[in-house]
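Take a look at the structure set out below.
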Number of protein chains: 2
Amino acid sequence: MARSMHVRRPATLASLAAELGVSRTTVSNAYNRPDQLSPELRRRVLDTARRLGYPGPDPVARSLRTRKAGAVGLLLTENLSYAFRDPAAIGFLEGLALACEDAGTGLLLVPANPEREDVASVHRAGVDGFVVYSVPDDDPHLAAVLERPVPTVVCDQPDLGTVDRVGIDDRGAMYELAQHLIGLGHRRIGVVCMRLARDRNDGFVTPDRQHAAHFHVQRNRLSGLAEAFSEAGVDWSQVPVVERFDHNTASGASGAAQVLDRDPQITALICTSDVLALGAMTEAARRGLRVPHDISVTGFDGIRAGEEAGLTTVRQPVLEKGRAAGKLLLDANERSRPRSVNLATELIIGKTSAGPRGGAEERWFGP
Amino acid sequence: MARSMHVRRPATLASLAAELGVSRTTVSNAYNRPDQLSPELRRRVLDTARRLGYPGPDPVARSLRTRKAGAVGLLLTENLSYAFRDPAAIGFLEGLALACEDAGTGLLLVPANPEREDVASVHRAGVDGFVVYSVPDDDPHLAAVLERPVPTVVCDQPDLGTVDRVGIDDRGAMYELAQHLIGLGHRRIGVVCMRLARDRNDGFVTPDRQHAAHFHVQRNRLSGLAEAFSEAGVDWSQVPVVERFDHNTASGASGAAQVLDRDPQITALICTSDVLALGAMTEAARRGLRVPHDISVTGFDGIRAGEEAGLTTVRQPVLEKGRAAGKLLLDANERSRPRSVNLATELIIGKTSAGPRGGAEERWFGP
DNA sequence: AATTGGTTCTGAACCGTTACGGTCCTTTCA
DNA sequence: TGAAAGGACCGTAACGGTTCAGAACCAATT
């Protein structure tokens, strides 16, 4: 129809009004409040709009006037590819997108390139609010978001006290998982965790680095482990903890290898994510170690692939987390005090954890 | 720092300028063109900005003035959940997001709720362009996008002639896959395809519905099959083709069941996606049919899980598709004639296709 | 005839910013 | 010493809408 009409000067509300001999208000009403003008006039407005190739009120101008952008921004993990390959992140994204769809709101993925510390993208985002998902707590993008005068919900982040928050009890959940392993008799363990800070550090982690970790989630999971095993009499400072920057099964495998090289006697390998755990299981198999007979392996998240593998893990409601974040943001009605939502997790005892080889639970009194 | 400063009246560029006794332009320059004013003044501007709690130039007002939104819109499949659970869609999203990140552009997910035909979300999206991914060609949202005076790239969509397009040769790729099966000796086949239109039709598909399918991709894949098998002397109108609205392995399984119930003698089950094919394999196993000995199963897409299962399929570069779409959109420099990009696909012959049971290739001359 | 009430449409005031085309003042250089 | 160049800053005019308090009109009521 009206395809190449916008050659000379793209029609505007004003030009349309002039053409019709009515006021701009009337044209605006024709689009936004049909009950405010007679049906005939409205039809006439819409018809000439089509004739002139007027595409309807400009969204940006409207946003400026109404002070509503009709979108929320999502500040994602720095490296997009890792986000889109992490099942947990995708689940979160889905939940958030669903909440947005319900509210008829757009969802703007804000680029947060870590290399050029380009905070401009945050400043340039025309949104009514932000959701921040699992970024390091010293990320400049996060700081930039907090400076924007819009409601914000942080996810998997420490409670900032000033903005809404949704997350889980990472520390408690991991503590519980650790108790499970301790109950089985494990005392000599190794850990593979995701990256703890913005810098790449593929290798062993000192207790200092654990405490200072900038990723809230990882810090708390490690801390839950440390607490439980310390209580069980294990000297945490002697437990090999290996960090991997990249989050994929290959990292899980190489991390597991590094731990096992250091101490081949460990009876349990605890990973802070299912993806890492799946990689660790590959590495165990490569070494001829049977899971769980020779070694137990655990994960965290409760992703589909882990479930299929019978992984012992902590299931967290990733989709619900996204949805909760969206809801929290979208009904930020009154300036109530910041809300903090903790979602429930569930310890899943699968087929990858058992008593240690030769341990009490599996001692074999055979001939 | 300046947290609850915006109680009275959120500071603006103008108020800041007034406070400082300089012009608005100067304040604007302090943020956007630091070289246009002396460092001292700039510092003074920025300092008082902080003091007054001025968060920097309003993105929406800036967008209005510069006529750049700094974001591109993505019109996704109607049902968000299915999109986020389809590995191919996620790959596309990743590629697109990467292209956007490279360009420092945001990516706005535009809600396209199919129930309420709410095209307003498209009108309300403040974007510099649109990418349309695999929607039915009669989708009102698509029509609304095409009315917007911004560059657009359609994906997995018929060539509209008026906007850029990126896709693959679905028809040719499926023709090639069909040739592979024909070469193995298959003549009695069944098909499970994704939904062909906006209405739900879980069941057999008439040839009419195949031709009239509103999903370009599915239409062409079926058409490639029909052509190849017709050439091989198969009466296509007798081939059982089953459609499934939902796109998941459960649908693949139930679709396969429906086909096999109709004709238990088929030697090959062709699915128009890997996800469906994986479900079909489950159903085959459930019936005690060995793949490929008793029945061949093929997919389309080349997703990871299919690869691990050794699925015979057509691999398409989903990530590259997204990236290509982004690039096309982001350097829509001159009003050149609309571009059309076809990406290469690759026929992957896996372990799920073989000659038909008792067929020439596998005739068993046993003892 | 004046009042009331209900539609329908208008005027003008914003929304917060940047583009554009200056002016003014200080250096620099022949 | 006068002209040219350049740096620093300013005023105005958009950018394209929405909104609210009326105005104009007409019919019905008092």
Sugar-phosphate, base or nothing in reach of B/Gly126, heavy atoms under 4.0 Å: nothing

Between C/dA12 (P) and A/Arg24 (CZ): distance, integer Å: 10 Å

Atom-to-atom span, CG of B/Leu64 to P of D/dC15 - whole angstrom: 9 Å

d(CD, A/Gln36; P, D/dT18) in whole Å: 13 Å

Net bend of the helix from C/dA1-D/dT30 to C/dA30-D/dT1, end axes of five pairs each, nearest 10 degrees: 50°

Aromatic ring pairing A/Phe92/A/Tyr133, orientation class (parallel under 30°, perpendicular over 60°, tilted between): parallel

Touch class at under 4.0 angstrom, heavy-atom based, for B/Thr66 against every strand present: sugar-phosphate

B/Asp58, nearest nucleotide to its side chain (from D/dT18, D/dC10, C/dG16): C/dG16

Salt-bridge contact A/Asp118-A/Arg124 (side-chain N to carboxylate O under 4.0 Å): no

Whole angstrom value for the distance that separates C1' of C/dT7 from CG of A/Leu41: 13 Å

Side-chain donor/acceptor of A/Arg65 to base of C/dC14, under 3.5 Å: yes

Phosphate OP1/OP2 of D/dT18 contacted by A/Ser28 side-chain N/O (<4.0 Å): yes

Rounded interatomic separation in angstrom, taking NE2 from B/His123 and P from D/dG17: 13 Å

Nearest-neighbour nucleotide for the B/Arg62 side chain, D/dT18, C/dT18, C/dG16 considered: C/dT18

CG-CD1 distance between A/Leu319 and A/Ile90, expressed to the nearest 0.5 angstrom: 12.0 Å

Side chain B/Thr25 and base D/dG11 donor-acceptor under 3.5 Å: yes

Between C1' of D/dA8 and CZ of B/Arg33, the distance in whole Å: 13 Å

Among C/dT17, C/dC15, D/dT19, the one nearest A/Arg67 by side-chain distance: C/dC15

B/Ser63 side chain near C/dT17 phosphate (N/O to OP1/OP2, under 4.0 Å): no

Under 4.0 angstrom between B/Thr26 side-chain N/O and D/dC10 OP1 or OP2: yes

5' precedence on DNA chain D between B/Asp35 and A/Asn29 (nearest-nucleotide basis): B/Asp35

Whole-Å gap separating P (C/dT17) and OH (B/Tyr31): 9 Å

Side-chain donor-acceptor pair present, A/Ser23, A/Thr26, cut-off under 3.5 Å: yes

Test: A/Arg323 and A/Glu320 ion pair at under 4.0 Å: yes

Nucleotide nearest A/Pro57 when distance is taken to its side chain, options D/dG17, C/dT18, C/dT17: D/dG17

Spacing of B/Leu146 atom CG and B/Leu160 atom CG [to the nearest 0.5 Å]: 6.0 Å

Separation of atom CG in A/Leu13 from atom C1' in D/dA14, rounded to whole Å: 16 Å

Salt bridge (charged side-chain N to carboxylate O under 4.0 Å, His left out) contacts in which one or both residues fall within residues 150-165 of chain B, not counting sequence neighbours: B/Asp156-B/Lys321, B/Asp164-B/Arg339

Under-4.0 Å side-chain N/O to phosphate OP1/OP2 contact, B/Thr12 with C/dG16: no

Min side-chain heavy-atom separation A/Leu107-A/Leu93 under 4.5 Å: yes

Out of D/dC10, D/dG17, D/dT18, whichever nucleotide has its closest atom nearest the side chain of B/Val22: D/dC10

